[in-house]
Structure formats: C-alpha cells, structure tokens
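Have a look at this one before I ask anything.
Letters go in sequence order (proteins before strands), and every chain restarts at 1.
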Amino acid sequence: MFKLSSLKHRLRTRSDEKRHVCHLCPKAFRTATLLHNHVNAHTGNKPHKCSECDTAFVTRGELSRHRRYKHTLERPFKCTICEYSSVEASKMRRHVRSHTGERPYPCHLCSYASKDACKLKRHMVTHTGRILG
DNA sequence: GGTCACTAGCGCCCCCTGCTGGT
DNA sequence: ACCAGCAGGGGGCGCTAGTGACC
C-alpha cells in the first residue's frame with residue numbers, strides 16, 4: 001500500500017545513495033547503520049546476543065529470526081496444501097515447489113532441472129567433479 | 001536528514017532421508 | 001544384502017535492501 005511518508009523517506013535518502021563507504025573493502029551503503037552492520041561482519045563483532053543460548057549475531061534481525069527458529073518456534077508462514085509451516089517466506093516458497101513440481105533451475109548440460117538453486121549447484125558437481133563459482 | 005527496528009529476500013551450507021544401480 | 005552416489009526436502013544462518021517510526 002502506498003504511503004506518503006515512505007515516499008518522502010525514499011526521496012530524501014535517494015540523494016545520498018551509498019555514500020557510506022567501507023574502509024575494509026570497496027563496498028558502500030546508503031546508511032550508516034547498514035555500513036555499521038557490514039563492518040561488524042568484517043570484524044566478527046556480534047553485538048546482538050541471544051539471552052537464551054548466548055549465540056550472537058551482527059544484526060537484531062538475525063537474532064530475531066534465530067529466536068523464532070530455536071526458542072519461540074513461531075512459524076508464521078503456513079502451507080495451504082499441507083501441514084507444513086515455516087519461519088521464513090522463502091522456505092515456504094521452496095516448500096510449495098514440492099507441491100507444484102515447478103523446477104525453475106535447469107541444468108544446461110543435461111535434462112535435469114532443480115527446484116532449488118543450491119541443489120542445481122550440487123548437481124553440477126556430478127558433471128564437473130567440483131563446485132562451480 | 002539521520003538512526004533504529006523490523007521484515008523481506010536471496011543465497012549458502014549442512015543434514016537427513018529415500019531411491020537406484022553396481023557389487 | 002550392502003554400499004555409494006545422487007536428488008529431494010528442510011533447518012539455520014549471513015548479509016543486504018526496503019519500509020515505517022521516531023528523533
């Protein structure tokens with residue numbers, strides 16, 4: 001849904017696109033917070049610690065997701081076809097392909113097609129003997 | 001105009017399981 | 001029967017972008 005405040009925010013942040021440059025690599029970001037998270041990933045600094053298992057993360061979002069996976073067991077994404085539910089929408093999309101049979105990742109060396117980009121990569125090892133990339 | 005919090009999205013790695021073909 | 005190779009399904013995390021609220 002369109003929101004005026006959102007548009008204003010985009011317009012005002014557009015002017016300074018990616019001017020926050022990492023001093024450890026060539027990457028640049030729109031905001032200082034994004035840069036800060038990125039630098040923490042470089043340094044291994046993980047300030048967001050789980051209160052229940054002491055696992056630590058770079059961002060609060062990662063911690064939030066971890067808590068759903070490990071502690072709250074909250075699975076907001078429900079499959080409409082079976083009983084499966086998931087923590088993440090992307091996992092649900094991947095699951096739904098097991099119902100639809102959709103295989104969007106074709107192998108260019110054989111007739112195989114995968115439902116999952118990662119599985120295609122693994123499959124390629126059977127052709128090349130090694131991981132590509 | 002900046003920061004923060006949250007969510008969404010893509011990608012990667014890993015594990016377990018079942019099937020299949022060779023021995 | 002046993003084993004190895006492979007694919008299917010899924011869990012968990014790394015990282016970045018988008019968005020809305022607040023200062």
### Query
Are OP1 or OP2 of C:dG9 and a side-chain N or O of A:Lys115 less than 4.0 angstrom apart?
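For C:dG9, OP1/OP2 do have a side-chain N/O of A:Lys115 under 4.0 Å.
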### Task
Measure from the side chain of A:Thr33, starting at C-beta and using heavy atoms only, and say which of B:dG9, C:dA7, B:dC4 lies closest.
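Comparing B:dG9, C:dA7, B:dC4 against the side chain of A:Thr33, the answer is B:dC4.
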### Query
Can you tell me how far the CZ atom of A:Arg93 sits from the OG atom of A:Ser86, to the nearest 0.5 Å?
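The CZ atom of A:Arg93 sits 10.0 Å away from the OG atom of A:Ser86.
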### Message
When you measure from the side-chain N and O atoms of A:Tyr105 to the phosphate of C:dA7, is any distance below 4.0 Å, counting only OP1 and OP2?
### Response
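No, because none of the side-chain N or O atoms of A:Tyr105 sits under 4.0 Å from OP1 or OP2 of C:dA7.
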#### Entry: Nearest-Å distance for atom pair CG/P, residues A:Asn37 and C:dG18
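Those two atoms, CG and P, are 15 Å apart.
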### Closest to side chain of A:Lys119, choosing from C:dA7, C:dT16, B:dC14
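Selected nucleotide (nearest to the side chain): B:dC14.
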### Task
Give the intermediate values and the outcome of ring-ring contact (aromatic ring centres under 6.0 Å, His included) for residues A:His66 and A:His71.
CA-CA 8 Å; A:His66 160 82; A:His71 305 303; 5.1 Å; yes
### Those residues that, when tested against A:Thr100, pass side chain to side chain contact (heavy atoms under 4.5 Å, CB included) (two or more places apart)
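Testing A:Thr100 for side chain to side chain contact (heavy atoms under 4.5 Å, CB included), a comparison that skips the adjacent residues, returns A:Val96, A:Arg97, A:Glu102.
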#### Entry: d(CZ, A:Arg122; P, C:dG10) in whole Å
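Those two atoms, CZ and P, are 14 Å apart.
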### Query
What class does the angle between the rings of A:His95 and A:Tyr84 fall in, given that below 30° is parallel, 30 to 60° is tilted and above 60° is perpendicular?
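Ring orientation of A:His95 relative to A:Tyr84: parallel.
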### Task
Locate the shortest heavy-atom distance separating A:His48 from A:Val58; write the atom from each residue and the value.
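In terms of heavy atoms, the two residues are closest at CD2-O, 3.0 Å.
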### Task
Give, for atom NE2 of A:His23 and atom NE2 of A:His42, the distance between the pair rounded to the nearest 0.5 Å.
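The distance works out to 8.0 Å.
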### Message
For a quick check of understanding: with a heavy-atom distance under 4.0 Å over all strands, which category does A:Ala117 fall into, base, sugar-phosphate or nothing?
### Response
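Nothing, no nucleic acid heavy atom in range.
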### Message
Measure CG/A:Asp116 against P/C:dC6 and give the value in whole Å, please.
### Response
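Whole-Å distance recorded here is 18 Å.
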### Task
Determine: side-chain N/O of A:Arg30 to OP1/OP2 of C:dG18, distance under 4.0 Å, yes or no.
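Result: yes.
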### Task
Look at the side chain of A:Tyr84 and decide which nucleotide, out of B:dC13, C:dG10, B:dC10, has an atom nearest to it.
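Minimum distance to the A:Tyr84 side chain belongs to C:dG10.
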### Query
Sub-3.5 Å donor-acceptor pair from the side chain of A:Ser114 to the main-chain atoms of A:Ala117, do we have one?
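Such a contact is absent between A:Ser114 side chain and A:Ala117 backbone.
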### Rounded distance [0.5 Å steps], NZ in A:Lys27 versus CG in A:Leu34
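A:Lys27 atom NZ to A:Leu34 atom CG measures 11.0 Å (nearest 0.5 Å).
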### Task
Check the distance between B:dT3's P and A:Leu34's CG and give it to me in whole angstrom.
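Going from CG in A:Leu34 over to P in B:dT3 covers 10 Å.
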### Rounded distance in Å - CD (A:Glu83) to P (C:dG10)
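Atom-to-atom, A:Glu83 to C:dG10, this comes out as 13 Å.
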### Task
Please check if the distance between the ring centroids of A:His123 and A:Tyr112 is under 6.0 Å.
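They qualify: ring centres under 6.0 Å apart.
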### Query
Is the side chain of A:Arg103 donor-acceptor paired with the backbone N or O of A:Ala113 at a distance under 3.5 Å, no angle test?
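Yes; judged by distance alone, with no hydrogens or angles, the pair exists.
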### Task
Please tell me which of the listed nucleotides, C:dA17, C:dC15, C:dG8, lies nearest to the side chain of A:Ala41?
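My answer, after comparing the listed nucleotides, is C:dC15.
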### Task
Taking only the side-chain nitrogens and oxygens of A:Lys70, find out if one of them lies under 4.0 Å from OP1 or OP2 of C:dG11.
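Negative; the distance criterion is not met.
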### Message
Please check: side-chain N/O of A:Lys78 versus main-chain N/O of A:Arg75, any donor-acceptor pairing under 3.5 Å?
### Response
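Confirmed, A:Lys78 side chain pairs with A:Arg75 backbone.
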### Message
Starting the side chain at C-beta, find the nucleotide from C:dC15, C:dG12, C:dA7 nearest to A:Glu88.
### Response
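The nucleotide sitting nearest to the side chain is C:dG12.
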#### Entry: A:His42 NE2 to C:dG14 C1', straight-line distance once rounded to whole Å
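From A:His42 NE2 to C:dG14 C1': 13 Å.
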Protein-nucleotides 19-22 of chain B N/O pairs closer than 3.5 Å?
none

### Task
Rounded off to whole Å, could you give me the NE2-to-P distance for the A:His127 and C:dC6 pair?
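In whole Å, C:dC6 P lies 10 Å from A:His127 NE2.
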### Query
Any idea which of B:dA5, C:dG9, B:dC13 is nearest the A:Cys118 side chain?
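When the side chain of A:Cys118 is considered, B:dC13 is the closest of B:dA5, C:dG9, B:dC13.
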### Query
For DNA chain C, what residues of residues 91-102 of chain A have any heavy atom nearer than 4.0 Å?
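Nucleic-acid contacts, sorted: A:Lys91, A:Arg94, A:His95, A:Ser98.
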### Message
Can you tell me whether the side chain of A:Arg65 and the base of C:dG11 have a donor-acceptor pair closer than 3.5 Å?
### Response
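Check fails, no donor-acceptor contact within cut-off.
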### Task
Please state whether the phosphate of C:dC15, meaning OP1 or OP2, lies under 4.0 angstrom from any side-chain nitrogen or oxygen of A:His38.
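Indeed not, no polar side-chain atom of A:His38 lies that close.
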#### Entry: Interatomic distance where CZ belongs to A:Phe29 and P belongs to B:dG2 [whole Å]
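Taking atom P of B:dG2 as the reference, CZ of A:Phe29 is at 17 Å.
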